Amino acid sequence: MTDLLNMMGIVKEFPGVRALDGVDLDVRAGEVHCLLGQNGAGKSTLIRVLTGAHQPDAGMIRINDEPVQLNSPTAAIQRGIAAIYQELDLVPDLTVAENIFLGHEPTRYGFSRTHEANTKARSILQGLGHPEIPTNRSVGSLPAAGQQVVSMARALSRNARLIVMDEPSAVLDPEEVSNLFRVIRGLTESGVAVVYISHRLEEIREIGDRVTVLKDGATVATGLDARETPTKELIQLMTGRSIEYVFPPRNEMPDAAPVVLDVVDLSRPGEFAGIGFEVRAGEIVGLAGLVGSGRSEVLETVYGARRAATGFVRVDGAVLRPGRVQDAVKAGVGLAPEERKSQALLLDEAVFKNITVSTLGRFASSGFLNSRAEREAAGKLALELDVRPPGVDQPVRNLSGGNQQKVVLARWLLRDCRVLLLDEPTRGVDVGARSEIYALIRELASNGVAIVLVSSEVPEVLGLSDRVVVLREGRAVHTGPAQEIDEHQVLDLVMEGSAG
Amino acid sequence: ACTSNTPKAEEDKAAPAEQAAVKNDEPGKKVKIGFSAPAADHGWMGAITKATQAEAKKFSDVELIVAEGTNDVNLQISQVETFINQKVDAIVLLPFDGAALTPVATKAMEAGITVVNVDREFDSPFAARTTVLGDNHGMGVSAGTYVCQQLKGKKDAVVAEIAGIDSLPLTQDRSKGFKEALADCGLKVSNRVAAEFTVESGEKAAANLLQAAPKLDAIWNHDDDQGVGVMAAIKNSGRKEFFVVGGAGSANVMRDIKSGSSLLKATVIYPSTQGADGVRLARLLVQKKALGDLVEVEVPRTVQLYAPVVTKDNVDQYLPTAFES
Amino acid sequence: MSEANRIEEGGTTPSKQDTVTQPARPRSRTDLLRSGFGRNLGLVVALVLLCIVGVATAGDTFATGANVLTILRLAAVIGVVSVGMTFVITGGGIDLSVGAMVALASVWATTLATQQLAADYHWIFMVSTALAVGAACGLVNGLLVAYGKIVPFVATLAMLASARGLAEIISDRKTQIITVNSFEDFFGGSLIGVPVLIWIFLLVAAAGWVLLNRTTFGRRTFAVGGNAEAARLAGIKVQRHTVALYVLAGLCCGIAAVMLMARTTTGSSTHGQLYELDAIAAVVIGGTLLSGGRGTIVGTVFGVLIFTTLNNVFTLNNLSISAQSVAKGAIIVVAVLLQQRLARRSTS
Amino acid sequence: MSEANRIEEGGTTPSKQDTVTQPARPRSRTDLLRSGFGRNLGLVVALVLLCIVGVATAGDTFATGANVLTILRLAAVIGVVSVGMTFVITGGGIDLSVGAMVALASVWATTLATQQLAADYHWIFMVSTALAVGAACGLVNGLLVAYGKIVPFVATLAMLASARGLAEIISDRKTQIITVNSFEDFFGGSLIGVPVLIWIFLLVAAAGWVLLNRTTFGRRTFAVGGNAEAARLAGIKVQRHTVALYVLAGLCCGIAAVMLMARTTTGSSTHGQLYELDAIAAVVIGGTLLSGGRGTIVGTVFGVLIFTTLNNVFTLNNLSISAQSVAKGAIIVVAVLLQQRLARRSTS
Ligand SMILES: Nc1ncnc2c1ncn2[C@@H]1O[C@H](COP(=O)(O)OP(=O)(O)OP(=O)(O)O)[C@@H](O)[C@H]1O
Ligand SMILES: Nc1ncnc2c1ncn2[C@@H]1O[C@H](COP(=O)(O)OP(=O)(O)OP(=O)(O)O)[C@@H](O)[C@H]1O
Ligand SMILES: [Mg+2]
Ligand SMILES: [Mg+2]
């Protein structure tokens with residue numbers, strides 16, 4: 001089998017950072033080639049070089065043994081390279097069909113043929129298993145999962161020979177993921193090559209053919225067998241150390257622990273109804289459910305970012321005024337939201353400013369900030385969470401996706417919250433950092449923080465939580481200790497609504 | 001001669017034999033004059049600057065420094081300050097707002113610089129050595145009187161007014177004079193709109209006015225440059241039942257009047273040569289010369305220009321000095 | 001529940017609830033805004049209210065055909081400029097130089113030389129001069145923004161100063177009167193009872209609408225304004241497109257210059273003063289997002305009509321200019337608040 | 001390998017390389033831009049070039065102390081307005097009403113009644129009237145934007161119309177002359193050889209710098225402007241903060257009104273014309289992002305100085321007025337391009 005793509009000695013420098021330092025990658029037609037690496041290892045940067053979005057400072061790219069210059073996205077597209085970027089590259093105000101065909105719209109004499117675009121879009125979405133996404137709806141109004149599907153459809157619409165997928169599964173739930181794999185298999189059967197990036201090793205095992213591992217901007221191993229290579233070895237290659245990929249032991253919950261967060265009969269029409277649960281100091285309550293089941297909405301409503309239609313939230317016995325984030329923050333509630341870019345980060349601000357933004361009062365005397373103290377405090381946390389690169393003065397925009405997520409977490413860790421609401425706290429976070437975050441969450445709990453955890457990874461919810469609440473279609477269908485339920489039961493619950 | 005009907009520039013040409021004037025024109029000590037005026041956002045103001053520059057060019061002993069026209073009094077003040085720093089001999093100042101420029105003009109006078117105030121008056125006698133003024137109130141009176149004459153006997157006549165920039169004191173003076181003169185013959189202004197001295201604004205204001213007043217007998221338009229737009233709007237509406245009186249006295253309008261085929265029957269002159277007069281006076285003052293034709297050995301404190309009505313009968317007399325806008 | 005079902009209800013809303021809530025809000029709010037309907041409803045109501053006030057206070061004149069034509073004629077020039085502005089703003093830019101470009105184009109197209117040419121051959125020479133000057137200025141704007149990477153506000157501010165200065169130099173600050181009768185006859189005339197100027201406005205607005213909503217160019221304008229990086233990654237030549245948008249705006253200014261020349265029978269460096277503010281105001285009131293990515297020609301047309309009708313009603317009522325200003329501010333606020341209410345109601 | 005080691009080798013750059021490259025480029029480009037240094041370097045160079053031109057063409061007057069004070073006095077009024085504008089723009093808004101607020105504040109503070117009060121007691125009554133009027137207008141702006149959810153452009157455009165209209169009504173379009181000598185004496189005077197007006201400007205700029213860069217208020221301003229939703233979810237009272245920003249801008253306009261009153265000894269409804277454009281231009285040239293989230297007071301001050309020095313050099317050189325406009329546009333473009341080059345070079 002000849003290689004479809006060879007990348008050799010790719011170097012990419014950003015001011016102050018050498019993101020890629022001689023990366024090699026070979027991809028064969030018809031294979032699923034997995035890219036592994038820690039947060040900030042350079043995976044996304046490599047992809048952007050491949051798609052012409054970045055220009056490499058050195059190195060050579062060959063397609064079908066022919067040296068090529070990919071000096072613009074158009075050049076890459078013309079060579080049959082399509083991509084699903086980590087940060088969704090959609091235009092929120094255009095419709096689904098328009099987004100899918102952006103850049104190669106079906107036209108006649110310059111007039112867009114909306115009908116044809118819609119028809120074609122529908123058939124592509126059908127192929128992806130989502131014939132129900134309305135093609136004339138604006139993409140901005142779709143939930144994250146829907147947008148991910150649109151992004152995939154766009155990549156497929158190009159009839160590419162090589163499709164790059166940068167963490168496509170981050171916002172998808174298990175069933176979506178298996179659907180995605182079905183599509184990928186279909187593609188590879190017809191000779192298309194897929195470069196697949198994910199931090200979930202199980203997925204690599206399931207779909208991957210070969211693996212290339214990046215570390216600190218360089219290829220440390222390539223051509224590994226995706227199914228046979230032991231996990232330990234992969235982790236060792238990625239992180240340079242061995243990590244026990246297990247959940248830390250649960251804390252003993254003292255029965256007398258006081259209820260810190262009390263959610264009573266919360267509802268918002270059209271989103272969720274009658275949600276009630278309580279979280280005691282030191283307890284972790286997990287919310288499980290499919291994407292779109294309303295978990296994020298529940299968290300945001302508890303936090304006051306959405307105004308509850310009925311019901312109320314008590315923290316330490318005091319009722320929070322609905323729809324008032326400030327009150328929640330004052331009462332010691334913190335939220336690490338789901339969409340880090342749009343909901344949490346000040347992209348152009350320095351890392352330390354992002355971390356301290358909710359704790360400014362602590363670093364200020366009569367309104368004047370002590371930024372040395374800020375930097376120190378933020379730096380300490382960044383070190384603890386292994387944010388890379390470690391400096392706290394660079395803008396968050398320059399961090400890799402996973403590192404950005406860590407910054408969001410750091411913000412609330414700094415704040416000594418009474419209640420922490422974590423929405424997908426490990427999305428896009430690598431194995432190494434992930435186990436650290438798990439340990440951290442546990443440690444916070446043992447310090448008496450009440451934690452509500454939302455994650456699309458059921459094992460994560462089950463492994464970390466003391467109790468789980470299973471949501472389906474905006475209603476709680478099951479509440480109980482996490483140890484008494486397993487992954488299959490949860491999946492059954494969220495799909496069928498009947499306890500297995 | 002200064003009290004005659006003729007604008008100053010013409011007077012000089014009309015009386016070349018005058019001994020004093022000839023002597024005055026002879027080159028003397030070099031004079032550096034700073035000139036500042038509001039933004040040339042309409043034709044008359046553009047004409048002022050042009051006439052001033054042209055006049056200065058006639059004298060080999062005059063160096064004219066022209067600052068950017070501006071409607072920001074803050075900037076205009078700083079321009080005068082810059083002139084002071086430059087140690088000019090005289091400043092000819094057409095202030096955007098007379099009162100607002102008074103302090104800095106006073107400062108210039110105190111620094112020994114001869115200030116000649118043009119068109120918009122300072123509110124202190126110490127701010128300028130000499131003031132050259134148009135007669136805005138008189139303009140309104142002249143226009144009103146002419147309208148009264150033309151509409152003689154028509155008691156229910158509908159008279160409209162298209163004013164210039166409404167926030168300027170000169171506009172208010174003109175309107176006041178117009179109103180007073182109309183009142184004398186029992187008429188009043190039925191419709192009043194304001195434009196901004198530009199062709200475009202005149203067209204806009206007139207188009208709306210013509211809708212507001214379905215029947216008209218006379219229109220007085222304050223400014224001939226905006227008048228071009230006013231006439232365009234009138235032409236567009238196809239209406240002919242009234243006559244129009246202009247203001248300022250541009251060459252275009254005078255040609256129209258002369259042709260006799262236009263609805264424009266008259267215009268009231270508001271000389272655009274005030275700045276030019278200012279330059280002449282400033283030069284005389286710095287060179288310590290007297291004004292020709294006057295027995296008085298000093299240049300007068302105030303020179304107010306007359307606002308005559310130009311009609312078909314006397315248009316030839318005024319056409320040569322009218323400004324091309 | 002099947003996979004299909006789950007996503008169809010899109011996102012979080014459960015299917016049962018959905019079928020209940022679905023009819024009440026057939027589309028999401030953002031969708032509705034884009035379709036322009038909800039937003040335009042507010043504009044329509046605002047305009048109708050204005051008209052009611054007009055009829056009530058000056059019924060005899062306000063409701064006449066002649067007055068309606070007056071309003072439309074007044075709207076025509078700034079309307080054409082605003083259509084161009086809609087494209088630039090939708091594409092994520094802004095153009096402060098529109099007024100200056102109108103002035104420069106009008107001056108250039110009425111120089112003695114051009115008029116001579118027009119008198120000797122055809123008025124088309126004047127028109128094409130105006131269009132060429134507008135497009136050329138737009139091209140400079142576009143190049144400065146797209147390739148010089150100068151923020152649009154600054155680049156077009158520079159153009160504003162330069163173009164007006166150039167217009168003054170060319171015209172020597174004189175109002176240049178058009179003597180070419182064929183030009184005046186054509187553009188001053190009417191077609192089926194409707195003045196040519198209004199036809200031009202309608203044509204430009206219609207062409208703008210088609211271009212923005214029915215062509216690839218329009219789609220790409222939304223993409224460039226909504227997410228320039230995404231557009232680039234999708235293979236759109238963002239820089240070239242940006243240049244095209246400014247050229248388009250310049251071209252509209254050229255057309256507006258011709259219309260203004262016809263209206264005033266002059267070319268002058270004082271034409272088009274503060275058009276930038278008027279046009280941006282109309283565009284923004286109309287519902288186009290100042291930050292780009294969302295734009296509506298219909299809204300812009302309504303925005304222009306609201307402002308011109310407002311002026312007309314004021315004049316008909318002989319209101320003092322100062323009172324007009326105060327009222328204008330208040331009315332703008334009320335109109336926008338009303339719009340928002342209506343847009344919200346129509347979606348929930 | 002220990003935890004510590006792992007982090008030391010951290011990020012993507014091996015530690016050895018780091019120590020080599022570190023001195024050459026201590027921070028990333030964006031950082032440099034943000035820190036304002038690279039960007040300001042360009043501004044400094046532009047200003048220095050302007051000064052060189054000034055000295056070369058009119059050396060005897062340009063370089064005198066009196067002329068420097070003239071430039072600074074001119075810069076003072078618009079400078080204070082621009083400082084306020086910097087806050088609003090950094091916070092993601094825009095304020096078109098600054099000029100109108102200056103006019104209204106100047107008129108209100110010079111009414112007969114206020115002047116009587118000032119004459120009888122102390123000029124502080126005039127000053128506080130101006131500040132109160134400015135702040136009140138700003139409050140209205142802020143409420144309309146933050147709670148009325150009217151886009152800033154439209155809300156402040158409405159205020160522009162209303163405030164100027166109101167100023168005209170109050171003053172009856174007459175220029176109101178200040179007769180309170182103590183007021184003139186204080187604000188017209190000097191302190192250690194430097195005019196009080198310049199002191200005020202320095203004070204406002206310094207206070208603005210501290211507020212923006214050294215306080216929680218400033219930090220929140222960046223957050224609100226950079227990502228309002230994120231700021232809200234981080235517990236910042238975004239609406240209240242927005243209101244505060246507009247009040248601040250209004251307050252600055254009140255101060256500017258006092259300064260203008262002192263300079264002109266008048267209050268007038270025509271004061272402050274087109275200050276909105278001047279201020280926004282200075283702010284944007286200075287490097288503040290028009291879309292919010294990035295702002296620099298030092299840049300703004302440089303922006304103002306560049307424009308005022310430009311005016312001064314023009315006046316000294318007796319350039320034709322129209323040519324001045326053309327040159328101004330060209331110089332703006334060149335200055336910005338120069339800035340960008342320098343900013344780029346200083347980082348790579
Ligand atoms: N525009 C940029 N400017 C400066 N540095 C950048 C830029 N983009 C990426 N980097 C840096 O390059 C390195 C590689 O980032 P990249 O996004 O490729 O990581 P990644 O492997 O995709 O990580 P993740 O798994 O978290 O997505 C990081 O250190 C990041 O900070
Ligand atoms: N702009 C919008 N307009 C209307 N509805 C929207 C908009 N954005 C999101 N929604 C709705 O809000 C919900 C967001 O879906 P999302 O996937 O975040 O749900 P979720 O239950 O929070 O998922 P998860 O639990 O996996 O975080 C969906 O119901 C979606 O239809
Ligand atoms: Mg990545
Ligand atoms: Mg969610």
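Everything numeric in this text was worked out from a predicted model, so none of it was measured. Here is the naming used below: chain letters follow the sequence lines, and residue numbers restart at 1 for every chain.
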Here the pair of heavy atoms bringing A/Asp89 nearest to C/Asn227 is C-ND2, 4.5 Å
CZ of C/Phe222 to CG of A/Leu102, rounded to nearest 0.5 Å, is 12.5 Å
#### Entry: Heavy-atom neighbours of A/Phe111 CZ exceed 12 at 6.0 Å
no
The interface call for A/Arg158 against chain C, heavy-atom contacts under 4.5 Å, is side chain
Salt-bridge criterion met for A/Arg48 and C/Glu229 (N-O under 4.0 Å): yes
In terms of heavy-atom contacts, A/Val91 and C/Ala230 come closest through CG2-CB, 4.4 Å
- Query: Do any N or O atoms from the side chain of A/Asp93 and from the backbone of C/Arg294 form a donor-acceptor pair under 3.5 angstrom?
  - Reply: no
The reported gap from OG in A/Ser72 to CZ in C/Arg232 (rounded to nearest 0.5 angstrom) is 8.5 Å
- Message: Treating C/Arg219 as the side-chain partner and A/Ser112 as the backbone partner, does any N or O pair qualify as donor plus acceptor under 3.5 Å?
- Response: no
On a heavy-atom basis, the closest approach of C/Leu233 and A/Ile77 is O-CD1, 3.8 Å
Quick check: does any side chain N or O of A/Thr107 sit under 3.5 Å from a backbone N or O of C/Thr216, one acting as donor and the other as acceptor?
no
One should read off an interatomic distance between A/Arg113 CZ and C/Thr215 OG1, to the nearest 0.5 angstrom, of 14.5 Å
Requested in this report: Using a cut-off of 6.0 Å, state whether more than 12 heavy atoms not belonging to C/Arg240 lie near its atom CZ.
Outcome: no
